[in-house]
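Have a look at the structure below, then the notes.
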Amino acid sequence: MAEPQDSTQVKTEKEAKMLDIYVMGKHYQVPEGLTIMTALEYCGYRLIRGCGCRAAFCGACGTVYNFKNDPVLRYALACQKLIEQDMYLTQIPFFPAAKPGYGLEKMEPTGEQILKIYPEIITCFGCNNCTKSCPQELEVMEFMSAAIRGDLEQVTAKSFDCLMCGLCAARCPQGLVPYNVALLCRRLHGRYLTPHSRHVDERIAEIEAGKFDVEIEELQKMSLEELKRRFDERPILKE
Amino acid sequence: MPYPVYMEQSIRNVEDTRKRRLKEELPRIPVGERMPVLQEFHPDFIETSMRELLVGPNKGDRTPNELADLLEGNSHIDPGKIDLTRIDYDVDVLIVGAGGAGAAAALIAQENGANVLLVTKLRLGDANTVGYQGGTQAADRLDDSPALHYLDTMGGARFTADPKLVEALVKDAPDVIRWLEALGVNWDKKPDGSMAEVALAGEAIPRCHCARDYTGLEVMRVLRDEVRCRNINYVEFAPAIELIMDDKGQVAGAVLVNLETNELSLVRAKAVVMATGGIGRLHIQGFPTTNHYGATADGLVLAYRVGCPLVDTDTMQYHPTCAAYPLAILGLLVTEKVRGLGAQVLDIDGEQFAHPLEPRDVLASCIIRECKEHGKGITTPTGELGVWLDSPRIDMIHGEGTVAQNLPAMVRQFGRFDIDITKEPMLVYPGLHYQNGGIKFSPDGATAVPGLFAAGEVEGGVHGKNRLGGNSSLDLFVFGRRVGKSAAQHAKEVRLGKLTLDHVRQWQRELKKAGLTQVRPISPKLLPDYARQPHDYLADYVTERLHAGQIKVA
């Protein structure tokens, strides 16, 4: 079985259509069907930075690219974007960003609180570069506006699928860091603004009181045959 | 890259049977009848895929060839060339690996008064944790109980899990959910505050807590932020390449390498927590993997070399549903939540052949059988096999918009390749997903070697020979928290002796005695070899210098 993320096992040059790409300005030919990440590896780059889960969850590989005859910058996750003819590629291994410290337990879930930690967000002048640069296609400027308004519910909903790849911060002319602002908003929302789950508290209290100890001990002591029978006969709830 | 034209007939079959299948449920295979399909089709039962280890605490035990090569490997370092009096970091607790387990351990160890150093091979939070989608199990519904969670976990493991570890797992679970929420994790909830829980495979009741299908991302970004907020010292791109011991036989630190400059640094620590995660990037038996770039079994190698026994490393988990098409995302995890919400698994004719919520080992085997023995799989243009996972059935059951709301990652990841999973099924096949076993350890996180602790995917026994969905993320936080506490306590009590790397010399003598006379693979492996050009002279030169002085067993 082929491992597609291993560039050595894709179709050889003879079988596949070869595309011209430029890695940091240098010309290479790679077979069609590779992603930006596997194309870099095909070209011989051993990735250390800018490579993580390889499945669009970790945000390590946010990248920019354009084309030989088209200077407009595009944005993508290197692990997801397929190579196209005449692409100009680079890696963005690291981008500096402000990350103040705070203690959630001493905070309130309000707009004033957000502005206290991130006062600079009011300097946003709505250029929308952040939204244009998001490889998850999130409405970044909208959730930044919601953060300025103190609407944590909206920030949480609109920023939830953020991978924190950092491309928005890289493109913000004001040096704002939307992904960190949204993270603080979501954390305050999760801790303070979601409806309380009483059944979780009650179960923890029951466990601490030893309510299930006897039953678990009984399961641990019974014969394997008996345990298997109990397992097969357990009712399966359908919802 | 929508589905190729030749698959259209099969997709029509799926659509044609969908209405009938709305009420159709196949029986589950009883426990006593699972073995035949497992033995014939599960990859773990392929004899030639494993071999007996020739050295170390598990000498004589069988383990996959790819792992055996590394466990029997030689060190990156020459112990004679390392000056153990020049310590770069002197701490109470060193945590190796900064995924879910490592981050949880760091927070709790610090709360318990320890001076903590967290080191990681890639970035803080770059780990399999960030990619878990389906969720975290905890028996907190009124009609559920930790005892039922215990029974499900034991049964899913074919009754091979360690009862004491499972007890710890299920009893700590609800508190883990509350702890994460207090740190700011947004769990999916109903308006009355009750958790919106999903039933995953092998569970008797909905028990899995989710944050859309970005659960691991949500948890990891919160933990990462908290580590930063609490000013816990962490070093990125600095994997441990060898443990340091003292003359009393205790683990007492580690040798780190800067991945970018190859500079070594030394850590002295009163306790070391191994939290390095899994193994998927070894591509056992050539399988594609759902795992993170750094999942190369490093912690197993390091622990094994100081004499720590491993358990259940003769089993790997092949997740039944990984993307089989398109090629660019081959092996991508398709969360069990898709099946938990109602998607069935179908053959080329659009017919079911197994209950979609069989435990992972059983369903993976059924899918392999359907493709390889019954010939009812779908072949992709590049020759991969797959079966259909009928995601559109979810919206038919729960109402339109359910897929979009609950599975945004899946919608987006297939959408990038012009496949709309709200309307079209997904083509899937088993992929290498999880290391069921690992370092043998006890419920407080201690291993057989004093001073060495373990938590998360690197440890074994919690899941026996097959893990249930939603239990691995739970394992991270249950044992990450427990180990944080134990390691901090150990650090308060222990007196370290003189530091030594004699165990490395001893290891090299054992290799020689076992007749492993050729030049050994260097381990831990650190990163997979995906760069294509073997004729990279400069890299060869740097590598040679890195390994210069390495003792070659003659």
Cut-off 4.5 Å, heavy atoms of chain A, and the answer for B/A211 is both
Highest number of heavy-atom pairs under 4.5 Å with chain B among A/K99, A/R230, A/E215, A/E208 belongs to A/K99
Turns out that what part of B/D126 lies under 4.5 Å from chain A's heavy atoms comes down to side chain
For B/A204 and A/P235 the tightest heavy-atom approach is CB-O, 3.5 Å
When the 4.5 angstrom heavy-atom criterion is applied to B/L183 and chain A, the contacting part is both
Q: Decide side chain to side chain contact (heavy atoms under 4.5 Å, CB included) for A/F57 and B/H292; before the verdict, give the C-alpha distance in whole Å, the side-chain angles of both, and the deciding distance to 0.1 Å.
A: CA-CA 10 Å; A/F57 283 100; B/H292 186 268; over 6 Å; no
Using atom types as modelled and distance alone, determine if a side-chain donor or acceptor of B/K189 lies under 3.5 Å from a backbone N or O of A/P195.
yes
When the 4.5 angstrom heavy-atom criterion is applied to A/E202 and chain B, the contacting part is side chain
Side-chain heavy-atom pair B/L151, A/L227 within 4.5 angstrom cut-off
yes
request  = Test side-chain hydrogen bond (donor to acceptor under 3.5 Å, both in side chains) on A/Q80 and B/Q413 and set out the steps.
outcome  = CA-CA 8 Å; A/Q80 298 292 297; B/Q413 291 181 344; 5.2 Å; no
| Heavy-atom check, side chain of A/M164 versus side chain of B/L217, under 4.5 Å | no
Correct closest heavy-atom pair for A/H199 and B/M195 would be NE2-N, 3.0 Å
| query | Passes side chain to side chain contact (heavy atoms under 4.5 Å, CB included), B/R28 versus A/I236? Steps please. | reply | CA-CA 11 Å; B/R28 294 172 202 244; A/I236 293 185; 3.6 Å; yes
When the 4.5 angstrom heavy-atom criterion is applied to B/A199 and chain A, the contacting part is neither
Between the CG atom in B/D144 and the CZ atom in A/R203, the distance rounded to the nearest 0.5 Å is 6.5 Å
Honestly, the part of A/L104 sitting under 4.5 Å from a heavy atom of chain B is side chain
Query raised in the report: Around A/E233, counting heavy atoms of other residues, nucleotides and ligands shown, do more than 12 lie under 6.0 Å from its CD?
Result: yes
Residues passing the side-chain hydrogen bond (donor to acceptor under 3.5 Å, both in side chains) test with A/E226, sequence neighbours excluded, are A/R229
Quick check against the 3.5 Å criterion: does A/R234 have a side-chain atom that pairs as donor or acceptor with the backbone of B/D152? no
Ranked by heavy-atom pairs below 4.5 Å to chain B, first place among A/D161, A/L77, A/L193, A/T156 goes to A/D161
Heavy-atom nearest pair, A/S159 first then B/R221, reads O-NH1, 4.4 Å
Any donor-acceptor pair under 3.5 Å from B/N186 side chain to A/G190 backbone | yes
Turns out that what part of B/K171 lies under 4.5 Å from chain A's heavy atoms comes down to both
Applying a strict 4.5 Å limit to non-hydrogen atoms, the region of B/K164 in contact with chain A is both
Do side-chain atoms of B/Y530 reach the backbone of A/G44 as a donor and acceptor pair under 3.5 angstrom? no
